[in-house]
There are 2 protein chains.
Amino acid sequence: MKRDMINLNLIQNPPSQGRPERRDAAENRQLILETADRLFAARGVQDVCMAEIAKEAGIGKGTLYRRFANKGELCLSLLDEDYQLFQNQQLARFQEQMQAQLSPIEQLIGFLTQLLYFINDHVDLLNEIEQVGLDDASANVSIPHWWNHLTIRGLLQSAVNHGEISPDADLEYIAGALLAPLDSRILRLHLTAHGFTLDQIAAGQESLVRGLAR
Amino acid sequence: MKRDMINLNLIQNPPSQGRPERRDAAENRQLILETADRLFAARGVQDVCMAEIAKEAGIGKGTLYRRFANKGELCLSLLDEDYQLFQNQQLARFQEQMQAQLSPIEQLIGFLTQLLYFINDHVDLLNEIEQVGLDDASANVSIPHWWNHLTIRGLLQSAVNHGEISPDADLEYIAGALLAPLDSRILRLHLTAHGFTLDQIAAGQESLVRGLAR
DNA sequence: GATATTAACGGACCGCAGTCCGCTTGTCAA
DNA sequence: TTGACAAGCGGACTGCGGTCCGTTAATATC
């Protein structure tokens with residue numbers, strides 16, 4: 001069975017539906033992204049407010065919010081490039097590993113490790129992204145989250161097909177449970193309050209996944 | 001080996017250190033708790049703001065914040081009674097189950113299920129509690145979280161001693177990983193966006209725990 | 001090039017969490 | 001009873017995320 005691993009790519013950098021942005025609007029989008037990137041790098045995502053980004057970019061707050069509905073969406077756009085790179089790297093890895101006949105369980109362990117490091121590298125942006133939409137019912141979940149979930153689910157399904165995991169397993173939930181400790185808020189908790197190290201987490205993940213295989 | 005399961009009980013309902021509260025202060029604390037409880041019940045935790053609680057209680061905002069440093073702390077106090085009840089119930093359960101010689105793994109599954117339902121019943125309060133302190137480095141973690149973690153860890157340790165789990169396992173991390181999907185924010189995500197049911201989650205948890213046992 | 005249309009723009013504005021500080025009052029010792 | 005003082009008190013204030021709406025200007029059509 002083929003896994004559904006098309007690069008989703010529908011983060012909303014250019015809105016891509018309706019007619020294209022006016023030139024000034026497109027310029028501002030770029031300007032905002034560059035400004036935000038610079039300010040975030042200098043003083044941390046948490047400590048830079050939207051008004052400041054607008055001011056520093058020399059535009060009004062209304063303009064900023066016309067481009068990006070909220071801080072999370074801005075952060076999502078900022079993450080976009082790196083995340084697409086990550087997706088493509090993983091896709092390439094899967095290709096190699098498939099040819100090398102690496103078992104799905106091993107692939108899953110590898111993916112979770114890679115994901116762990118990626119998330120750790122972008123905790124602050126992701127934190128802002130995940131903060132958004134606690135009331136919004138659906139659309140609650142950021143796009144990266146869904147791709148991660150889908151990928152893990154796909155690997156689990158492969159493992160079932162490969163006989164490594166019982167066909168009775170609830171793959172949908174297991175994927176969610178494996179992903180939960182990688183939520184940026186939880187990860188941060190684990191790293192700071194609990195004092196876990198990245199290697200420790202990677203090892204722990206691995207042992208959990210191995211537990212799934214019989 | 002005995003598990004460390006003293007009822008922590010040090011939620012800060014009366015502050016319990018330093019001299020006792022002045023009478024007016026204690027009255028206000030009660031008044032605030034009752035008012036908040038009523039408003040939250042009527043319109044939801046998220047939709048009631050601190051100013052409204054103060055106004056409805058007929059006190060100033062400063063007074064409110066003198067009693068409770070932030071909304072999360074207020075919610076924690078509101079949760080206190082129920083949570084202590086929960087703790088005691090679980091402690092009693094463990095007693096029974098120990099006498100019935102139920103294996104630690106089974107006890108853990110039972111505990112996680114009970115915890116799932118408890119958290120589900122109090123998602124809104126917990127959500128507010130967990131929102132707090134993303135920058136605070138330590139003290140980040142709410143007291144309930146620690147007790148839950150400690151309890152799970154204790155049960156895992158018993159399972160190791162009982163030969164159900166490999167002694168090489170990283171119990172500290174595993175406890176964290178099992179608890180992660182029960183974080184109120186993640187649980188809410190799972191219930192709404194993913195559409196998981198409580199029974200599904202309980203079953204999924206159980207299968208993960210069984211996977212840990214060899 | 002003139003004109004209409006439609007999106008972009010900017011900044012005043014709102015609501016909420018949390019802080020500050022000058023005023024008031026309970027409590028305890030004399 | 002009184003007086004001193006720590007604790008309690010209230011509400012104006014700040015900062016931030018996000019919205020609104022009157023004004024401006026880019027494009028499309030003639």
Side-chain angles (χ1 to χ4, degrees), chain A residues 14-32 35-36 39-40 43-76 124-125 127-136 139, chain B residues 14-32 35-36 39-40 43-76 124-125 127-136 139:
Chain A
S16 79
Q17 59 176 5
R19 46 173 66 100
E21 277 174 330
R22 241 164 61 173
R23 187 161 44 240
D24 51 351
E27 283 169 10
N28 273 339
R29 154 168 271 115
Q30 260 321 104
L31 181 59
I32 290 166
T35 307
L39 291 176
F40 286 168
R43 308 216 324 277
V45 176
Q46 195 87 276
D47 285 354
V48 174
C49 73
M50 292 296 267
E52 187 179 355
I53 295 170
K55 193 175 178 186
E56 180 77 14
I59 61 173
K61 233 177 136 182
T63 307
L64 174 53
Y65 275 97
R66 176 167 303 273
R67 284 301 132 245
F68 304 99
N70 50 53
K71 200 175 176 184
E73 204 177 298
L74 171 56
C75 290
L76 189 56
D124 290 351
L125 287 178
N127 210 51
E128 215 63 51
I129 294 167
E130 277 150 8
Q131 208 98 22
V132 179
L134 291 169
D135 14 316
D136 251 331
Chain B
S16 77
Q17 60 177 3
R19 45 172 67 99
E21 279 172 329
R22 241 163 62 174
R23 188 163 43 242
D24 50 352
E27 282 170 11
N28 273 339
R29 153 168 272 115
Q30 261 319 106
L31 182 58
I32 290 166
T35 307
L39 290 176
F40 287 167
R43 308 215 324 277
V45 176
Q46 195 89 275
D47 285 355
V48 175
C49 72
M50 291 297 264
E52 187 181 354
I53 296 170
K55 192 175 177 185
E56 180 78 15
I59 62 174
K61 236 179 131 180
T63 305
L64 174 51
Y65 275 98
R66 175 166 302 271
R67 284 300 134 246
F68 303 99
N70 51 54
K71 200 174 176 184
E73 204 177 300
L74 171 56
C75 290
L76 189 56
D124 291 351
L125 287 179
N127 209 51
E128 214 65 51
I129 293 167
E130 277 150 9
Q131 208 101 20
V132 179
L134 291 170
D135 15 315
D136 251 332

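Since the structure is predicted, the reported quantities are computational estimates derived from the model, not experimental observations. Below, chains carry the letters A, B, ... as their sequence lines are ordered, and counting in each starts from 1.
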Do B/Lys71 side-chain atoms and B/Val45 backbone N/O form a donor-acceptor pair below 3.5 Å?
yes
Rounded to the Å, how far apart are B/Glu73 CD and C/dA17 C1'?
14 Å
Nucleotide C/dA8, atom P - distance to CG of A/Leu31 in whole Å
16 Å
Protein proximity profile, nucleotides 11-22 of chain D - base contact B, sugar-phosphate-only contact S, no contact -, cut-off 4.0 Å on heavy atoms
B----SBBBB--
Whole-Å gap separating P (D/dA7) and CD (B/Glu27):
19 Å
Quick one: do A/Asp124 and A/Glu128 satisfy side chain to side chain contact (heavy atoms under 4.5 Å, CB included)? Show the steps, please.
CA-CA 6 Å; A/Asp124 290 351; A/Glu128 215 63 51; over 6 Å; no
Would you mind reading off the distance between B/Glu52 atom CD and C/dC14 atom C1', rounded to a whole angstrom?
16 Å
In whole angstrom, what separates A/Leu64's CG from C/dA8's P?
14 Å
Check: B/Thr63 side chain, B/Ile59 main-chain N or O, donor-acceptor pair, under 3.5 Å:
no
Measuring to OP1 and OP2 of C/dA8, would you say a side-chain N or O of A/Asn28 lies under 4.0 angstrom away?
no
Among all residues two or more places apart in sequence or in another chain, which pass the salt bridge (Lys or Arg N to Asp or Glu O under 4.0 Å) test with B/Arg43?
B/Glu52
Measure the spacing between CD1 of A/Ile32 and CZ of A/Arg66 and express it to the nearest 0.5 Å.
11.5 Å
Distance (rounded to the nearest 0.5 Å) between A/Phe68 CZ and A/Leu76 CG:
10.0 Å
